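Everything numeric in this text was worked out from a predicted model, so none of it was measured.
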Number of protein chains: 2
Amino acid sequence: MNTRAKRTLTLRDVSEASGVSEMTVSRVLRNKGDVSEATRQKVQDAAKRLGYVPNKIAGALASQRVNLVAVIIPSLGNMVFPEVLSGISDVLEDTALQPVVGVTDYLPEKEEKVLFEMLSWRPSGVIIAGLEHSEASRAMLMQAGIPVVEIMDVDGDPVDSCVGISHRRAGRMMAEEIINAGYRRIGFMGTKMPLDHRARKRFEGFTRTLAKAGVEIADQEFYSGGSALAKGREMTAKMVERTPDLDFLYYSNDMIGAGGLLYLLEQGIDVPGKIGLAGFNGVDLLEGLPLRLTTMDACRREIGVKAAQIIAAHNAGDLDPEPHLVTLEPTLSAGDTLRHKR
Amino acid sequence: MNTRAKRTLTLRDVSEASGVSEMTVSRVLRNKGDVSEATRQKVQDAAKRLGYVPNKIAGALASQRVNLVAVIIPSLGNMVFPEVLSGISDVLEDTALQPVVGVTDYLPEKEEKVLFEMLSWRPSGVIIAGLEHSEASRAMLMQAGIPVVEIMDVDGDPVDSCVGISHRRAGRMMAEEIINAGYRRIGFMGTKMPLDHRARKRFEGFTRTLAKAGVEIADQEFYSGGSALAKGREMTAKMVERTPDLDFLYYSNDMIGAGGLLYLLEQGIDVPGKIGLAGFNGVDLLEGLPLRLTTMDACRREIGVKAAQIIAAHNAGDLDPEPHLVTLEPTLSAGDTLRHKR
DNA sequence: GTGAAAGCGCTAACAC
DNA sequence: GTGTTAGCGCTTTCAC
């Protein structure tokens with residue numbers, strides 16, 4: 001039952017089984033060049049019968065062409081990145097390219113390692129999250145001789161192309177919305193920042209804009225690890241106890257925002273009457289909550305799509321060597337947890 | 001600024017830059033064989049200075065060794081699979097092996113395509129979700145000449161090794177628990193089954209066990225697509241209206257269970273007094289809910305760990321060709337939404 | 001429409 | 001400790 005093959009089949013095996021030269025077999029299997037219908041059939045039959053699986057290692061070495069796109073992201077547990085990936089996959093589906101995913105856990109050293117590892121397979125392009133990389137990583141990206149698209153964020157200095165939103169602007173927009181709505185005693189909750197540059201930039205945009213309106217963050221709390229929903233709940237409980245006069249809570253992601261929302265509703269606190277809430281990302285999950293959390297869409301799918309299109313275009317030979325810079329517009333989704341006062 | 005290299009560097013470049021033969025350069029870069037400290041330094045300096053990234057394509061072809069493990073799963077959006085992946089990564093981190101992920105979207109044809117694609121890179125092993133594959137996929141797995149571990153499920157006939165839980169048994173256990181607690185009017189909600197064999201098996205185990213106790217499912221509802229939380233909410237609303245005398249709801253996953261829980265609490269319905277609830281998976285998210293949903297742990301991380309260990313052991317040369325069969329025990333986590341009646 | 005020869009960039013095996 | 005030689009399994013190129 002469990003007869004593992006000892007050797008994998010080669011073109012030569014198919015050639016012998018079909019009585020056609022290796023070269024022609026290769027042509028048939030790649031649909032390349034003109035081959036008579038008769039030989040094509042012979043070859044395809046033999047290949048299928050034997051269960052031949054071409055060796056891409058050899059093919060790639062010979063053709064100097066590897067149809068892989070390295071996609072480097074911080075995490076898979078985040079909801080956000082699987083959505084970006086699905087945008088990428090959908091675009092690459094229609095091309096010869098295939099995405100290969102590497103995960104960095106938000107660690108620059110790991111990013112460097114993953115990048116090195118992936119580049120050693122000579123992919124046709126790189127899509128990588130963020131604009132902040134170690135010197136070595138930047139050097140590798142520039143040396144690689146392939147298109148590079150940095151995604152998610154546009155606040156910085158890209159190596160090559162770039163697709164994303166301005167997180168500073170996103171923070172600013174949300175601050176404006178909150179201030180315009182009349183809230184003044186604002187608390188902030190988010191991840192410990194050094195790890196997550198995009199969250200940091202949103203925070204910066206947020207606080208600066210508040211400052212311009214003469215408002216200062218009244219309280220703040222940071223977390224790392226654990227169930228985000230539970231963390232949101234805990235941090236919110238702690239914060240409303242510590243600073244009871246808060247009238248708004250801004251969360252750096254929807255998951256902790258959802259946790260906070262559930263907690264406040266449970267406590268019978270009037271949202272958004274007594275206290276308003278907002279998150280960030282526009283995740284799917286929010287649709288199932290008792291109230292729709294006010295949030296801001298990060299254009300995740302679209303970012304994936306645009307980035308993949310840039311790589312695909314390069315690969316198709318449209319090598320306009322101009323780096324593309326695509327800035328998408330985050331859109332506020334009003335939700336039920338922010339209401340203009342009076 | 002944006003000077004893309006036109007050609008990638010080869011061993012030869014490092015060889016020339018360091019004045020050391022290609023072979024010795026290769027040895028240094030792979031930490032293989034004895035090289036004097038002096039030449040080692042010269043080589044490493046040159047490699048670093050040039051920014052050399054080895055070409056694994058060529059290396060793999062020459063050494064007939066590819067340190068990749070193909071990991072084939074149905075979806076990334078599911079919470080469940082990222083956790084399996086993290087178990088796999090943690091184990092492989094300490095080896096020369098690297099996981100490469102392929103996603104099938106629960107479609108057999110896509111599984112076949114992804115598998116073919118991955119096998120053409122000649123990985124050192126395959127970890128693949130489920131025991132149900134097309135004939136062609138099974139044939140490829142057997143032909144590949146590499147260790148194969150089918151994961152998540154053990155109810156079926158594995159190609160080679162297998163690590164998972166019995167989903168029939170999981171369904172049975174939950175049914176027993178519910179019956180023992182005194183519930184009799186039971187509703188079921190889950191995904192449309194043909195796609196998800198494991199959900200189907202849980203359902204089968206569940207209904208059969210109920211049948212033995214003379215109980216039949218009082219109502220059922222299936223969904224596909226959309227936000228699981230929202231779907232759980234909707235389906236629950238529909239079901240409790242349609243069949244008001246239900247005293248228990250069994251959900252095929254925690255996400256829809258959470259949606260149902262939130263809905264019922266909002267309606268002021270007494271959980272678990274008036275109606276009990278249970279889900280499946282033991283996801284992280286549950287920790288942030290108002291009540292802990294009763295659920296069953298699917299041993300996701302552990303499955304990943306065990307599977308990776310099997311592949312790693314093979315790769316390390318412990319090629320006992322005996323297929324491993326590891327059956328893990330799903331454990332009930334009591335939670336707050338199931339209470340023994342009377 | 002088909003085949004023969006050369007070689008992609010590296011490493012195994014052996015010589016020195 | 002270091003160098004030389006011969007491929008790995010394909011594709012490119014060019015000849016027929």
Side-chain angles (χ1 to χ4, degrees), chain A residues 5-44 46-47 50 52-68 96 117 119-124 144-145, chain B residues 5-44 46-47 50 52-68 96 117 119-124 144-145:
Chain A
K6 60 240 144 283
R7 172 178 92 69
T8 66
L9 300 158
T10 70
L11 261 192
R12 173 172 211 116
D13 296 305
V14 181
S15 166
E16 284 170 359
S18 62
V20 175
S21 79
E22 282 188 47
M23 194 53 236
T24 300
V25 170
S26 167
R27 279 196 269 256
V28 171
L29 266 25
R30 287 177 298 143
N31 291 317
K32 205 76 183 291
D34 293 330
V35 181
S36 74
E37 195 44 40
T39 42
R40 155 166 275 111
Q41 270 309 329
K42 270 197 292 189
V43 170
Q44 273 169 343
L50 297 175
Y52 172 70
V53 177
N55 185 331
K56 289 215 182 184
I57 305 272
L61 183 60
S63 65
Q64 305 281 72
R65 199 194 319 285
V66 180
N67 286 327
L68 298 177
E117 210 62 46
L119 288 180
S120 73
W121 290 102
R122 300 292 187 266
S124 298
Chain B
K6 60 240 146 285
R7 171 179 92 72
T8 66
L9 300 158
T10 70
L11 261 192
R12 173 172 214 116
D13 295 305
V14 181
S15 167
E16 284 170 359
S18 64
V20 175
S21 80
E22 281 188 48
M23 194 55 232
T24 300
V25 171
S26 166
R27 280 196 268 257
V28 171
L29 267 24
R30 287 178 297 143
N31 293 315
K32 203 73 183 292
D34 294 328
V35 181
S36 75
E37 195 46 38
T39 41
R40 155 166 274 111
Q41 270 310 328
K42 269 196 293 188
V43 170
Q44 273 168 346
L50 297 176
Y52 172 70
V53 176
N55 185 331
K56 289 216 181 184
I57 304 272
L61 184 61
S63 65
Q64 305 281 70
R65 198 192 322 284
V66 180
N67 286 327
L68 298 177
E117 211 61 47
L119 289 179
S120 73
W121 289 102
R122 300 291 187 266
S124 297

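Checked against dG9(D), dA12(C), dC10(C), the side chain of A58(B) finds its nearest nucleotide in dC10(C). In this structure, the nucleotide among dG3(D), dG9(D), dC10(C) sitting nearest to the side chain of E22(B) is dC10(C). Nearest nucleotide to the A62(B) side chain, out of dA12(C), dG1(D), dG9(C): dG9(C). The M23(A) side chain lies nearest to dT12(D) when the options are dT12(D), dT2(C), dT11(C). Nearest nucleotide to the N55(A) side chain, out of dA13(C), dT11(D), dC10(D): dC10(D). Counting only heavy atoms from C-beta on, T24(B) has its side chain closest to dG3(D) among dT11(C), dG1(C), dG3(D). Distance from the side chain of S36(A) is smallest for dG1(C) among the nucleotides dG1(C), dT11(D), dG9(C). Set against dT12(D), dC10(D), dC8(D), the side chain of L61(B) has dC8(D) as its closest nucleotide. Side-chain atoms of Y52(B) lie closest to dC10(C) of the nucleotides dT11(C), dC10(C), dT12(D). Taking the side chain of V35(B) as heavy atoms from C-beta on, and the options dA13(C), dT2(D), dC10(D), the nearest nucleotide is dT2(D).
Counting to the nearest Å, the P atom of dG9(C) and the CG atom of L9(B) are 11 Å from each other. Distance, W121(A) CH2 to dC10(C) C1': 12 Å, rounded to whole Å. The distance between atom CZ of R65(A) and atom P of dT11(D), rounded to the nearest whole Å, is 10 Å. Atoms CD1 (I57(B)) and P (dT11(C)) sit 13 Å apart, rounded to a whole Å. Put simply, CD on E16(B) is 13 Å from P on dG9(C), counting in whole angstrom units. Put simply, CG on N67(B) is 12 Å from P on dT11(C), counting in whole angstrom units. Here dA12(C) presents its P atom at 10 Å from CD of Q64(B), a figure rounded to the nearest Å. Residue L11(B) contributes atom CG, which lies 16 Å from atom P of dT2(D) at whole-angstrom precision.
Dashed line: the shortest gap from a side-chain N or O of T39(A) to OP1 or OP2 of dT2(C) is under 4.0 Å. Look at T10(A) and you won't find any side-chain N or O under 4.0 angstrom from OP1 or OP2 of dG9(D). For S21(A), a side-chain nitrogen or oxygen approaches OP1 or OP2 of dG3(C) to under 4.0 Å.
Here the side chain of S120(B) pairs no donor or acceptor atom with the backbone of N55(A) at under 3.5 angstrom.
Annotation: R30(B), atom CZ; neighbour count of heavy atoms from other residues, nucleotides and ligands within 6.0 Å is above 12.
In this structure, the side chains of V25(B) and E22(B) stay at 4.5 Å or more apart for every pair of heavy atoms. Annotation: side chain of L29(A) is in contact with side chain of L11(A) (closest heavy-atom distance under 4.5 Å). Between V66(B) and W121(A) there is a side-chain heavy-atom pair separated by less than 4.5 Å.
None of Q41(A), R40(A), K42(A) except one satisfies the side-chain contact (heavy atoms from CB on, under 4.5 Å) rule with V35(A); the exception is R40(A).
In this model, a side-chain donor or acceptor of R27(B) finds a partner on the base of dG3(D) within 3.5 Å. The base of dG1(C) lies outside donor-acceptor range of the side chain of R40(A), with no N or O pair under 3.5 Å.
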